[in-house]
Structures are given as C-alpha cells and as structure tokens.
Amino acid sequence: MAGCAELLGAAFAREPGVSWICGASGSRRGRWFREVLRTQATLAGARRTALVDAEGAVLAAAVLTPPGAGPGPAARASWAARTALHCGPPALGRTLRYLTATEGGAPAGAWTLEFLGVHPSLTGRGAGRALLDHALSTEPGRAGVYLTTADPSNVTLYRHFGFSPLGETRVGPLRVTSMTRGGP
C-alpha cells in the first residue's frame, strides 16, 4: 500500500482536486493517499492494479471500488480521524466536500475508478494506457465504470478510452466532471 500511496502522491502532484485538498505539500499528499487507500482496502471486492518494475517499484496504479461499496460509519469515522490527524482539518473538510458533491453519481451497478496514476517520469510513454486497458478489460461489472475528474485535460483522455461525460459539479474552486464507460 505504501508504494501505491507514494506513486499516487507523485502522480497527482498537479491534479487540481488533490492539490485543492492537500495543498502543495508532497508529504501531505502521500499521507492523504495512505489514509484513503487504507480505508478503500477494507471494502469487499476493492481492487488495485499496478505496473511494477523488476525491483518491485510501483510505476503506475489503478484503484477501483465495486458497485455500491463504501465504508461503514465506524470505518468512515476512523478514516476521518486519521485524515484530520495526519493531513490536517482543512484536508479532511475539503475531502468531505468533494465526496458529498460527487458520491451517488455512479450508475447503478457500475464500478468506480477512484484513481489512475503514473509515475511522472513515465507520463506519455504508454504506462497509463496499458494499465487502464488492463483495468477496463478485467472489470467484472456489466454496468461499466464510473469516475470523476477535476482536471479538464483528463476529460479528453478518458473520452479517448470510451468514457462519456455525465455532468459537471462545482466543488469549491473546482469543476468536477463525472464520466462513465460501458454498461447497458
């Protein structure tokens, strides 16, 4: 999990949503991803897919949540306490605002692509494409895959992979686009 959190922290260094939540601190981003992934790992059926090098270093990672899955009240409270402690109350508050604005937008039965990140040194070299192709080809649901992005350049990228925008939501200074791929 630590390798995945570190990779995602580096990959999302300039992503508007994570930057708004965590600020410019790379260490805060890493701690935030550790807490999110720690909670996501407790969900039944949650999946992580990674590309690793010969030494086992994570080069790219995708995190998917099964349809309808979410932490129960105790797990969510524990996550909130850890996030406030390790990342600060502003990061917790902004995360909760983002989640409140975007949760519930997934079509019934769709998996959620929570994160897809590539090590910055590999951007534009096909690692993200290979990982996304793999994650989408092994996605077990028939209702497709749902995601949100606060980065306008990602909308074009995900359209290339067959995702269609569902709508936009304002969260603080962000314009968050919800997208889906596949399904009936």
Side-chain angles (χ1 to χ4, degrees), residues 3-22 26 29-30 32-33 36-37 40 43 45-53 57-70 94-95 98-99 101-184:
C4 187
E6 290 170 7
L7 175 275
L8 291 172
F12 280 75
R14 291 192 170 96
E15 194 277 335
V18 174
S19 294
W20 177 65
I21 290 169
C22 297
R29 253 190 331 277
W32 184 82
F33 273 109
V36 169
L37 294 176
Q40 193 263 355
L43 304 177
R47 293 182 28 202
R48 290 189 196 152
T49 303
L51 294 176
V52 297
D53 67 13
V58 180
L59 304 174
V63 178
L64 292 107
T65 300
R94 289 178 176 167
T95 303
Y98 189 99
L99 291 173
T102 60
E103 280 183 337
W111 281 70
T112 299
L113 178 60
E114 304 287 356
F115 304 106
L116 175 75
V118 176
H119 192 278
S121 69
L122 296 176
T123 301
R125 299 169 114 189
R129 170 187 288 276
L131 185 60
L132 185 57
D133 282 344
H134 176 75
L136 294 175
S137 71
T138 60
E139 176 269 318
R142 294 179 185 237
V145 178
Y146 169 82
L147 63 85
T148 62
T149 182
D151 187 341
S153 66
N154 284 346
V155 174
T156 303
L157 172 74
Y158 285 119
R159 279 182 190 249
H160 178 77
F161 285 96
F163 284 83
S164 300
L166 294 174
E168 284 187 356
T169 304
R170 299 278 305 166
V171 182
L174 306 172
R175 273 191 10 211
V176 179
T177 303
S178 300
M179 303 183 80
T180 189
R181 177 184 188 267

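Fair warning: this is a prediction, and the values are worked out from it, not measured in the lab.
You'll find the ring centres of F33 and F12 inside the 6.0 Å limit.
How far OG1 of T65 is from CG of L43: 6.0 Å, rounded to the nearest 0.5 Å. Atoms CG and CG, from L131 and L51 in turn, are 5.0 Å apart once rounded to the nearest 0.5 Å. Here S19 contributes atom OG and R14 contributes atom CZ; the two are 9.0 Å apart, rounded to the nearest 0.5 Å. Between T148 atom OG1 and E114 atom CD the span is 7.5 Å, to the nearest 0.5 Å. Taking CG of L8 as the start and CZ of R48 as the end, the distance is 8.5 Å to the nearest 0.5 Å. Within the model, atoms CG of L7 and CG of L59 stand 7.5 Å from one another, a figure rounded to the nearest 0.5 Å.
Across G172 and W20, no two heavy atoms sit closer than the pair CA-CZ2, 4.0 Å. For G105 against L166, the heavy-atom pair with the smallest separation is O-CD1, 4.1 Å. When all heavy atoms are compared, the tightest approach of V118 to A11 is O-CB, 3.2 Å. In this structure, T180 and P107 approach most closely via the heavy-atom pair OG1-CG, 3.8 Å. Annotation for G30 and A5: closest pair O-CB, 4.1 Å, computed over non-hydrogen atoms. What you find for A150 and Y98 is that their closest heavy atoms are N-OH, 4.4 Å.
For T149 and D151, the side-chain atoms include no donor-acceptor pair closer than 3.5 Å.
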Exercise. Any chance you could lay out the side-chain contact (heavy atoms from CB on, under 4.5 Å) test for M179 and T177, step after step, and finish with the verdict?
Key: CA-CA 6 Å; M179 303 183 80; T177 303; 3.8 Å; yes
Quiz prompt | Step-by-step side-chain contact (heavy atoms from CB on, under 4.5 Å) determination, L113 to L132 | solution = CA-CA 10 Å; L113 178 60; L132 185 57; 4.0 Å; yes
Exercise. Could you walk me through whether F115 and V36 pass side-chain contact (heavy atoms from CB on, under 4.5 Å), step by step?
Key: CA-CA 11 Å; F115 304 106; V36 169; 3.7 Å; yes
Quiz item: Given F161 and R129, is the side-chain contact (heavy atoms from CB on, under 4.5 Å) satisfied, shown in steps?
Solution: CA-CA 9 Å; F161 285 96; R129 170 187 288 276; 3.9 Å; yes
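For the pair R181 and W111, the cation does not sit on the ring face, since its NZ or CZ is not both under 6.0 Å from the ring centre and inside 45° of the axis.
The shortest distance between side-chain heavy atoms of V176 and E168 does not fall below 4.5 Å. Side chains of Y158 and L116 form a contact here, defined as non-hydrogen atoms less than 4.5 Å apart. Side-chain contact between E6 and V58 is absent, with no heavy atoms from C-beta onward closer than 4.5 Å.
Across R94, E15, R29, a single residue satisfies side-chain contact (heavy atoms from CB on, under 4.5 Å) together with C22, and that is R29.
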